[in-house]
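Here is the structure we will look at.
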Amino acid sequence: MLQTIIRFIVSAIVLLVVGYLVPGFSVAGFWGALISAVVIAILGYIVELILGKNISPRSRGIVGFIVAAVVIYISQFIVPTIHATVIGALLAAFVIGLIDAFVPTELR
């Protein structure tokens, strides 16, 4: 349980950093980022259930990257504190992938 909480806190911090760095992508405040992290995780889980585990960004390259961008873009319609343009979602998925390479949001 503690690992899950830490994972969402790290994900929220990553979303805040990405919102600061990426034009066309923004998150309003820490609580908005935390809620967005939860929604993005749930949407990602649903996509993995439908399309299989091989669709995740770590194992599928460009397909996983596009899926991550689509999940980020769709999350703005669920969480009012996040805003993403199509280009912003693509850039955010790219930057999140880069940050995740150095600071993994999934505890191993």
Side-chain angles (χ1 to χ4, degrees):
M1 180 69 169
L2 182 61
Q3 290 178 340
T4 303
I5 293 170
I6 291 171
R7 178 180 177 197
F8 284 121
I9 290 172
V10 170
S11 295
I13 292 169
V14 168
L15 283 174
L16 286 172
V17 169
V18 170
Y20 180 75
L21 294 175
V22 174
F25 179 79
S26 64
V27 179
F30 178 76
W31 291 108
L34 190 61
I35 292 168
S36 298
V38 171
V39 168
I40 289 170
I42 291 169
L43 288 174
Y45 178 74
I46 291 169
V47 167
E48 283 186 5
L49 282 177
I50 294 170
L51 300 176
K53 291 277 186 195
N54 292 333
I55 202 67
S56 70
R58 285 191 184 92
S59 64
R60 219 28 143 105
I62 191 72
V63 174
F65 165 72
I66 298 297
V67 168
V70 169
V71 165
I72 290 169
Y73 186 76
I74 290 173
S75 68
Q76 74 175 328
F77 299 113
I78 299 169
V79 181
T81 59
I82 189 172
H83 171 73
T85 63
V86 173
I87 300 296
L90 288 168
L91 290 172
F94 179 73
V95 173
I96 288 169
L98 285 177
I99 292 173
D100 192 44
F102 297 103
V103 183
T105 55
E106 182 176 317
L107 300 173
R108 290 170 174 70

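The analysis underlying the following values was restricted to heavy atoms, covering all of them including side chains, and did not include hydrogens, waters or symmetry mates.
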* **Worked verdict on I96 versus L15 for side-chain contact (heavy atoms from CB on, under 4.5 Å)** => CA-CA 8 Å; I96 288 169; L15 283 174; 3.9 Å; yes
Identify all side-chain donor-acceptor contacts of residues 22-42 below 3.5 Å with residues at least two apart in sequence or on another chain.
{"from": "S36", "atom 1": "OG", "to": "G32", "atom 2": "O", "distance (Å)": "2.7"}

Hey, can you pull the donor-acceptor pairs under 3.5 Å for the side chains in residues 63-78, sequence neighbours left out?
{"from": "S75", "atom 1": "OG", "to": "I72", "atom 2": "O", "distance (Å)": "2.6"}
{"from": "Q76", "atom 1": "OE1", "to": "A84", "atom 2": "N", "distance (Å)": "2.9"}
{"from": "Q76", "atom 1": "NE2", "to": "Y73", "atom 2": "O", "distance (Å)": "3.4"}
{"from": "Q76", "atom 1": "NE2", "to": "A84", "atom 2": "O", "distance (Å)": "2.9"}

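Separation of atoms OG1 (T4) and CZ (F8) is listed at 6.5 Å; rounding is to 0.5 Å.
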